[in-house]
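What follows is one structure encoded as structure tokens, with my remarks underneath.
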There are 2 protein chains.
Amino acid sequence: MTRVLVVDDEPQIVRALVINLKARKYEVDAAADGRSALDLAASRHPDVVVLDLGLPDMDGVEVIRGLRGWTRVPILVLSARHSSDEKVQALDAGADDYVTKPFGMDELLARLRAAVRRAEPVGGGEDDVLVETEEFTVDLAAKKVNRAGRDVRLTPTEWHLLEVLVRNTGRLVSQKQLLQEVWGPSYGTETNYLRVYMAQLRRKLEADPSHPKHFVTEPGMGYRFEK
Amino acid sequence: MTRVLVVDDEPQIVRALVINLKARKYEVDAAADGRSALDLAASRHPDVVVLDLGLPDMDGVEVIRGLRGWTRVPILVLSARHSSDEKVQALDAGADDYVTKPFGMDELLARLRAAVRRAEPVGGGEDDVLVETEEFTVDLAAKKVNRAGRDVRLTPTEWHLLEVLVRNTGRLVSQKQLLQEVWGPSYGTETNYLRVYMAQLRRKLEADPSHPKHFVTEPGMGYRFEK
DNA sequence: CGGCGCCCTGACAGATCCGTGACGCACTGA
DNA sequence: TCAGTGCGTCACGGATCTGTCAGGGCGCCG
């Protein structure tokens, strides 16, 4: 299911959007200011963000920059300001689209679909979805891990960590990058989180957790997933 | 350079666009109807298409479908029709953005930049940068060194040193430069660090560490990496 | 309200890495 | 021949990093 983050300080707008989106089977989170928008984006990892520029606590463009610092999630800007300058500023800061209020719901939804569509991974490359090792199989699309015929239960955080590593199979992923992708952009030094969750992943997936074959530690640098 | 395909049957619009785009260092092709637009797209492989929906020979939405049959190139639709229905149709057919005439040139260019930007490859050119010698292979993106089929373990400092040398393959890198890049700007005279770590690199990578072929010392000056 | 799962946190032993000093060797110029 | 200089090598103590465990807080659901 596609997850949408709606950011607007006008309750009636939020309500209208939420109702329309949920009716179309989107999963919706909502925030009324920039700070909570950035927090929610970090914790919930939406597939697309609908962002009103006129927020009470910070400039909308700053919110865009805050998001673009760590994610390429599509950002659809909603604004009452028609000036060409505002549009250019928002788009150049990293927004994907700019819709002026009042807006037609049909058009907004179509633009939302377009934004989500083009963010989808290239083609029908189903090879990328299934990653297999001798001991277990990771299905990135179904969000499932299978080991010795049975599904392995992973907590959300465990899965998130696994996903980042698997999407970079063979490549070294730095501790900072892992922390920021899983826990959010304001993290970067809490390496004990990584130690704990890497241990849990290894316990659940490695044949010999104390001598990991697939989840390799590169001391001082990060971790690496190997097939 | 970014290549733009402009499709419109009104010569003055085409002219205005071409002038503005060329002034901003875009490479521009132009077509006045759907048929030649599709041909040009196939032969020239533009990085983005600006498409007027009102073409003499075929429906604009058909042009979008014709493009989407084989390419994901960003399509920015230009149209005089304001109806919500038209927009939804074009966007759902595969357009990335929809701008109504008359349009502001600044806004159009900003939307164009946004479309091009998000079409860029994910990691900013994460193509694995491979440097090969007869004895070992360095993968700068994955932070991996392979020798005789086995991965070589390098410590962070060793890797950092290797990275600087490899990025300057064939060039002499002064001791001061190496020290500053690896240990920080306040270093510059601690040449013993270099001696120690160069020795470790040679021990791990050279066939005959006491007669290095790839990590060459230039007495009194610095070191050089040769393939 | 009680149990459960999940997340965060702190502590600690062991492993790993880094900086440092000492020494021998090769080369150079007097 | 003999100092002087720069380089390669080695060994070692302290600092840092990692794996592991246990415990507490929080939200969710019966």
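The chains referred to below are lettered A, B, ... by the order of the sequence lines, with proteins before strands, and numbering in each begins at 1.
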### Task
With sequence neighbours excluded, tell me which residues meet ring-ring contact (aromatic ring centres under 6.0 Å, His included) with A:Tyr223.
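For A:Tyr223, no residue satisfies ring-ring contact (aromatic ring centres under 6.0 Å, His included) once neighbours in sequence are set aside.
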### ring-ring contact (aromatic ring centres under 6.0 Å, His included) against A:His160, all qualifying residues, sequence neighbours excluded
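Listed in chain order: A:His45.
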Rounding to an integer number of Å, can you tell me how far [X] [atom1] sits from [N] [atom2]?
X        : N      : atom1 : atom2 : value
B:Met198 : D:dC7  : CE    : P     : 11 Å
B:His211 : D:dC7  : NE2   : C1'   : 14 Å
A:Arg44  : C:dC7  : CZ    : C1'   : 16 Å
B:Tyr197 : D:dG8  : OH    : C1'   : 15 Å
A:Leu194 : D:dG19 : CG    : P     : 10 Å

### Query
Which nucleotide in the set C:dG21, C:dA22, D:dT20 lies at the smallest distance from any side-chain heavy atom of B:Val196?
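Selected nucleotide: C:dG21.
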### Message
Nearest to the side chain of B:Arg195, heavy atoms from C-beta on, is which of C:dC18, D:dT9, C:dC7?
### Response
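So the side chain of B:Arg195 is nearest to D:dT9.
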### Note, A:Gln200 side chain near A:Leu161 side chain (heavy atom, < 4.5 Å)
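No, too far: nothing below the 4.5 Å cut-off.
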### Message
Using side-chain heavy atoms (C-beta onward) and a distance below 4.5 Å, is A:Leu178 in contact with A:Leu165?
### Response
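Yes; the side chains approach each other to less than 4.5 Å.
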### Task
Sequence neighbours left out, what passes side chain to side chain contact (heavy atoms under 4.5 Å, CB included) with B:Pro212? Give chain and number order.
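Partners of B:Pro212 by the side chain to side chain contact (heavy atoms under 4.5 Å, CB included) criterion, ordered by chain and then number, come out as B:Arg202, B:Glu206.
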#### Entry: Note: B:Asp151-B:Lys143 ion pair, threshold 4.0 Å (strictly below)
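A salt bridge is absent here (no side-chain N lies under 4.0 Å from a carboxylate O).
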Looking at [Y], is its backbone amide N or carbonyl O close enough to the side chain of [X] to form a donor-acceptor pair, meaning the two atoms are under 3.5 Å apart?
X        : Y        : answer
A:Arg147 : A:Arg150 : no
B:Lys25  : B:Met1   : no
B:Glu158 : B:Thr155 : yes

DNA chain D contacts made by [range], counting heavy atoms under 4.0 Å:
range                       : result
residues 202-209 of chain A : A:Arg202
residues 171-192 of chain B : B:Gln175
residues 149-165 of chain A : none
residues 213-227 of chain B : B:Thr217, B:Pro219, B:Gly220, B:Tyr223

### Query
Sequence neighbours excluded, which residues qualify as side chain to side chain donor-acceptor pair (under 3.5 Å) partners of A:Lys227?
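With neighbours one apart ignored, the set is empty.
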### Query
Do you know the tightest heavy-atom contact between A:Leu55 and A:Asp9?
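Nearest pair, atom of A:Leu55 first, then A:Asp9: CD2-N, 4.2 Å.
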#### Entry: Aromatic ring pairing B:Phe136/B:His214, orientation class (parallel under 30°, perpendicular over 60°, tilted between)
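B:Phe136 and B:His214: perpendicular rings.
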### Task
Can you label the angle between the B:Tyr187 ring and the B:Tyr193 ring as parallel, tilted or perpendicular, going by 30° and 60°?
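B:Tyr187 vs B:Tyr193 ring planes: tilted.
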### Task
Write out all pairs satisfying ring pair (Phe, Tyr, Trp, His ring centres under 6.0 Å) with one or both partners inside residues 7-26 of chain A, taking only residues at least two apart or from two chains.
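For residues 7-26 of chain A, and leaving out neighbouring residues, there are no ring pair (Phe, Tyr, Trp, His ring centres under 6.0 Å) pairs at all.
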### Query
Between B:Tyr193 and C:dC18, does any side-chain N or O lie under 4.0 Å from OP1 or OP2?
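For C:dC18, OP1/OP2 do not have a side-chain N/O of B:Tyr193 under 4.0 Å.
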All N/O pairs under 3.5 Å across the protein-nucleotides 28-30 of chain C interface:
none

### Task
Just jot down the salt bridge (charged side-chain N to carboxylate O under 4.0 Å, His left out) partners of A:Asp47, sequence neighbours excluded, or say none.
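In terms of salt bridge (charged side-chain N to carboxylate O under 4.0 Å, His left out), with neighbours along the sequence ignored, A:Asp47 is linked to no residue.
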### Task
Quick one: which residue pairs count as a salt bridge (Lys or Arg N to Asp or Glu O under 4.0 Å) with a foot in residues 165-194 of chain B, not counting sequence neighbours?
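Non-adjacent pairs meeting salt bridge (Lys or Arg N to Asp or Glu O under 4.0 Å): B:Glu163-B:Arg167.
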